[in-house]
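As the structure lists them, so they are numbered: ligands from 1, and atoms in each ligand from 1. Treat the numbers as computed from the prediction; the structure is a model and nothing was measured.
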Amino acid sequence: MKPATAATTSLRQAGVIGWPVAHSRSPTIHRYWLRKHGLAGSYDPIPVEPERIAGFLRSFASSGFVGANVTIPHKEAALAAVAHATPAASAIGAVNTLWLEDGRLHGANTDAEGFLANLDQIAPGWDGAGGPAVVLGAGGAARAIIVALRGRGVLPIAVVNRTRERAASLAERFGDHITAHDWSELPALLGTARLLVNTTSLGMAGQPPLAIDLRPLPAGALVTDIVYTPLETPLLASARARGLRTVDGLGMLLHQAVPGFELWFGVRPEVTPELRAAVVATLGAHK
Ligand code: NAP
């Protein structure tokens, strides 16, 4: 990736492409950094209906934007549209960050590095002893988490999912040390786990809670949830009540935004307590 230089950043326009996209916290994050660094760029929601996404991305170079984040449901369409994808984006099968380079559309997926940077910041050394890790869920976010953990050598990874075939297809896609399991196998898997990651939407406001018995987990295990509304999900609350280390999912969202901002605006921003507080203030009842 070739970041913009500070001299070229004035009035650069970026945004987040999604449908719907009004709920996205990305404008709060990027506008905070634009203000903090005194940059004249802009960052706005870019609503694009599914029927229009292919055409919108085809003509992105003439849209006036220097780049964009991509969110649900367009991450796979963005991968299909780019002239060049980073290895992580290709491995994950989705693009969440777009930029123009030499007039061509490039795409990255920064969810894996966002996930790792969050754990590194809040629980330094978390990966020192490697796996086993247990990943709950087998959707889009699970792919990013598996790529992240595999890249750090946190293996083996047990993928546990309601629909077993989806877990099996991830195990097949990502290699030897990744196995697929039913929920019924969870107690045995937790017994030796060093890391438990929830990537399902369970526990999110408006969804059923993720109710699992954490008693089998070893005392030194780390529990993290990528759901961040509420910040303390029922899973994290029950892990904390057991005295286990926990990391919430908001930091992943904040850290995944860093590479895009640097590419578009030429400054590598930091994830600070002030930024986190600015985003927490938008969570309303879900703090
Ligand atoms: P997705 O592709 O739709 O996958 C959803 C996953 O949740 C699937 O594994 C699904 O299982 C499981 N699930 C849903 N309802 C369930 C239920 N009632 N019982 C058991 N399992 C259930 O979604 P995604 O894109 O991976 O996102 C998942 C969550 O991660 C969302 O809450 C999203 O907001 C969050 N997220 C956070 C960040 C961050 O930066 N912190 C980044 C990305 C995503 P089946 O396969 O059986 O349907």
Within the protein, flag every N or O under 3.5 Å from an N or O of ligand 1, and note the pair and distance.
from, atom 1, to, atom 2, distance (Å)
ligand 1, 2 (O), G140, N, 3.0
ligand 1, 7 (O), S201, N, 3.4
ligand 1, 9 (O), A138, N, 2.9
ligand 1, 9 (O), N161, OD1, 2.7
ligand 1, 11 (O), N161, OD1, 3.2
ligand 1, 18 (N), R162, NH1, 3.4
ligand 1, 26 (O), G140, N, 3.2
ligand 1, 26 (O), A141, N, 2.8
ligand 1, 40 (O), L253, N, 3.4
ligand 1, 41 (N), I226, O, 2.8
ligand 1, 41 (N), G249, O, 3.1
ligand 1, 46 (O), N161, ND2, 2.8
ligand 1, 46 (O), R166, NH1, 2.8
ligand 1, 47 (O), R162, NE, 3.0
ligand 1, 47 (O), T163, N, 3.0
ligand 1, 47 (O), T163, OG1, 2.5
ligand 1, 48 (O), R162, NH2, 2.9

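With sequence neighbours left out, R194 forms a side chain to side chain donor-acceptor pair (under 3.5 Å) with no residue at all.
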Step-by-step side-chain contact (heavy atoms from CB on, under 4.5 Å) determination, L119 to Q121: CA-CA 5 Å; L119 292 187; Q121 188 174 45; over 6 Å; no
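Between the side chain of S62 and the backbone N or O of S59, at least one donor-acceptor pair lies under 3.5 Å.
Judged purely by distance below 3.5 Å, without hydrogens or angles, the side chains of H255 and D120 never pair a donor atom with an acceptor atom.
Between R276 and D248 there is a salt bridge, since a side-chain N of the basic residue sits under 4.0 Å from a carboxylate O of the acidic one. Salt bridge status for E274 with K36: absent, with no side-chain N to carboxylate O gap under 4.0 Å.
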